[in-house]
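Given the structure is predicted, the values throughout are model-derived calculations rather than measurements.
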Amino acid sequence: MAQHNAFYAQSGGVTAVINASACGVIEACRRESDRIGKVYAGHNGIIGALTEDLIDVSQESDDAIAALRHTPGGAFGSCRYKLKDIETHRTQYERLIEVFKAHDIRYFFYNGGGDSADTCLKVSQLSEKLGYPLTAIHVPKTVDNDLPITDNSPGFGSVAKYIATSTQEASLDIASMCATSTKVFVLEVMGRHAGWIAAAGALAGKGEGEPPHLVIFPEIHFNRAAVMKRVDEAVKKYGYCVIVVSEGARYEDGTFLADSGNTDAFGHRQLGGVAPTLAGMVKQDLGYKYHWAVADYLQRAARHLASKTDVDQAYAVGKKAVELALEGKNAMMPAIKRVSDHPYEWRIEAAPLAEVANREKFMPRDFIREDGFGITEACRQYLSPLIQGEDFPPFENGLPKVAHLKLAKVERKLATFTL
């Protein structure tokens, strides 16, 4: 069988384990050297393909690639760049095919979330229309855990572990000082439309009175009076109140509590600041002393506290992506299938991209407590296996060691392309 090259790129917000997926893809390609020649990585995601800004991954040593497994961030650069509609922006897609032809790329691996799945599907469709034999496989990734079909999304388990741990640790801090100091602590976590990460914070406590005392989900309409009542009750009963709130918390009319008024490259409303907004309400309505924190990039970059389950799954979907491509599968995504909870077992299955692209998976209502301020036992049973196990990176001089890549650029063969 003829040997052809592969293209790999990272898209959207990075995670603590997206490089583990890169490692899975690249190592699997190297094991199939009779069928896959070089692996080219797009510098800064799909932009690297459009501008012919390619990285020759074959220049990296096996040890450097292996080190990706314990390195956070996006090793080859990621991007928030959404390819437009094929019919009105056909030149962008034709440019991709032109670049792939110039470099004999027949395998396309795109590592990202829902928008990336859409891009991967569109590239597959156009390559077929243009008669260029390209196999396109989407490699799942998103801390939001909102991809459909797959039981969970690589990247989420590690964020969940970090948020649950941070909630537990901060709660002990507040509890020790509440008699004479802070009464209310608010932790803001990611999650635009789905409250999976906020739900993970609830893993910190199980019994009556254990923090967090309130979890605020995007799926449950925010009612200021009801929330303030619960905060006041917690402070009076336990001495303090810990709140985990999703950045996507919104009122009944759909307005976000913390809408900046701007949009990102994908057209999504830019969020941030729900923690100080909520803390301000506490001060205004109840007069309690408060502190707030925004987990922000820390939650998705914390590779030192990654879930081993998450690392293993991230690597596995990368490896499976290559296997699917070599089996002749196209426009597919390796999805995680939960086999059992006790013991926790999972496997990887192929899911059609047409059923993944532009669809979101929200928290089921039976995962959210009836009062809307916490999680149910069913949710705990779903979440708990995803944060299990530790996969600490190697340390040197007290700090985690990370991969250091050459990132050797491939010589351009085509004319400059303007985005």
Side-chain angles (χ1 to χ4, degrees), residues 1-12 14 18-19 21-68 71 73-83 89-112 116 119-120 122-124 126-127 130-139 318 321-322 325-326 402-419:
M1 184 174 287
Q3 185 188 67
H4 300 287
N5 300 324
F7 173 86
Y8 168 82
Q10 300 170 324
S11 176
V14 294
I18 189 173
N19 286 333
S21 291
C23 179
V25 169
I26 296 165
E27 290 187 343
C29 286
R30 289 186 172 185
R31 286 191 291 270
E32 300 290 345
S33 57
D34 58 327
R35 301 172 67 182
I36 299 177
K38 290 188 175 183
V39 176
Y40 296 128
H43 185 215
N44 297 328
I46 199 68
I47 291 175
L50 288 168
T51 61
E52 202 185 0
D53 187 4
L54 306 178
I55 296 166
D56 185 357
V57 180
S58 68
Q59 299 294 314
E60 311 293 347
S61 69
D62 288 345
D63 286 344
I65 296 304
L68 288 176
T71 301
F76 304 105
S78 187
C79 69
R80 292 196 183 279
Y81 187 83
K82 186 175 176 67
L83 289 178
H89 293 81
R90 190 180 178 91
T91 54
Q92 285 189 327
Y93 293 89
E94 290 176 339
R95 167 66 176 189
L96 289 177
I97 302 303
E98 186 181 12
V99 170
F100 294 157
K101 280 183 178 179
H103 296 275
D104 190 29
I105 292 169
R106 299 289 184 89
Y107 303 102
F108 177 73
F109 302 107
Y110 206 32
N111 199 174
S116 307
T119 295
C120 193
K122 287 175 178 174
V123 169
S124 172
L126 189 69
S127 67
L130 296 179
Y132 182 71
L134 182 74
T135 302
I137 303 292
H138 178 245
V139 185
V322 176
L326 292 178
V402 297
H404 294 285
L405 305 181
K406 297 176 182 177
L407 301 178
K409 294 298 182 68
V410 177
E411 184 178 348
R412 287 183 167 91
K413 300 181 179 182
L414 304 173
T416 301
F417 181 81
T418 302
L419 296 175

Distance, nearest 0.5 Å, that separates CD1 of Ile18 from OG1 of Thr71: 13.0 Å

Donor-acceptor under 3.5 Å (Gln92 side chain, Leu83 main chain): no

Please find out if less than 6.0 Å separates the ring center of Phe7 from that of Phe100. yes

Take Glu98 and Phe417, measure what side chain to side chain contact (heavy atoms under 4.5 Å, CB included) needs, and give me the verdict at the end. CA-CA 11 Å; Glu98 186 181 12; Phe417 181 81; over 6 Å; no

Within this structure, what is the OG-CD1 distance for the pair Ser58 and Ile65, rounded to the nearest 0.5 Å? 9.5 Å

Centroid-centroid under 6.0 Å between Tyr40 and Tyr8 rings: no

At what distance, to the nearest 0.5 angstrom, does CG of Leu126 lie from CG of Leu134? 10.0 Å

Carboxylate-amine/guanidinium proximity below 4.0 Å for Asp53 and Lys409: yes

Evaluate the criterion side chain to side chain contact (heavy atoms under 4.5 Å, CB included) for residue pair Gln3 and Asp34; output intermediate values, then yes/no. CA-CA 6 Å; Gln3 185 188 67; Asp34 58 327; 5.9 Å; no

Check: Gln59 side chain, Leu407 main-chain N or O, donor-acceptor pair, under 3.5 Å: no

Does Pro133 offer a backbone N or O that forms a donor-acceptor pair with the side chain of Ser127 under 3.5 Å? no

Quick one: OG on Ser11 to NE2 on His138, what's the gap to the nearest 0.5 Å? 7.5 Å

Any side-chain heavy atom of Val123 sitting closer than 4.5 Å to one from Tyr110? no

Please name the pair of heavy atoms, one in Ala67 and one in Ala403, separated by the smallest distance, quoted to 0.1 Å. CB-CB, 3.7 Å

Does Cys29 form a side chain to side chain contact (heavy atoms under 4.5 Å, CB included) with Tyr107? I'd like the steps, not just the answer. CA-CA 10 Å; Cys29 286; Tyr107 303 102; over 6 Å; no

Ile47 side, atom CD1; Cys79 side, atom SG - distance, nearest 0.5 Å: 4.5 Å

Test your reading of the model: is there a side-chain donor-acceptor pair from Asn111 to the backbone of Val139, 3.5 Å cut-off? yes

Using a 3.5 Å distance criterion without hydrogens, assess whether the side chain of Ser78 forms a donor-acceptor pair with backbone atoms of Gly74. no

Taking every heavy atom of Ala22 against every heavy atom of Phe76, the minimum-distance pair comes out as CB-CE1, 4.2 Å

For Thr51, what residues pass the side chain to side chain donor-acceptor pair (under 3.5 Å) criterion, not counting sequence neighbours? none

Is the side chain of Arg35 donor-acceptor paired with the backbone N or O of His4 at a distance under 3.5 Å, no angle test? no

Indicate yes or no: at least one non-hydrogen side-chain atom of Tyr81 is less than 4.5 angstrom from one of Leu419. yes

Taken in chain and number order and not counting sequence neighbours, the residues that satisfy side chain to side chain contact (heavy atoms under 4.5 Å, CB included) with Val99 are Glu52, Leu54, Arg95, His103, Leu414

Checking the side chain of Asn5 only, and the main-chain atoms of Lys38 only, is there a donor and an acceptor separated by less than 3.5 Å? yes

State which residues pass salt bridge (Lys or Arg N to Asp or Glu O under 4.0 Å) with Asp63; sequence neighbours excluded, sorted by chain then number. none

Between Val322 and Ile26, is a side chain to side chain contact (heavy atoms under 4.5 Å, CB included) present by the stated rule, with each step listed? CA-CA 9 Å; Val322 176; Ile26 296 165; over 6 Å; no

Do Leu96 and Phe108 have side chains that approach each other closer than 4.5 Å (heavy atoms only, starting at C-beta)? no

Check salt bridge (Lys or Arg N to Asp or Glu O under 4.0 Å) between Arg30 and all other residues, then give those that pass, not counting sequence neighbours. Asp62

Residues which pass salt bridge (Lys or Arg N to Asp or Glu O under 4.0 Å) with Glu32, listed by chain and number, not counting sequence neighbours: none

Does Arg90 have any side chain to side chain donor-acceptor pair (under 3.5 Å) partners at least two apart in sequence or in another chain, and if so, which? Glu94

Quick one: do the Asn19 and Gln10 side chains pair a donor with an acceptor below 3.5 Å? yes

Closest approach of Val25 to Gly318 (non-hydrogen atoms, all atoms of both residues): CG2-O, 3.4 Å

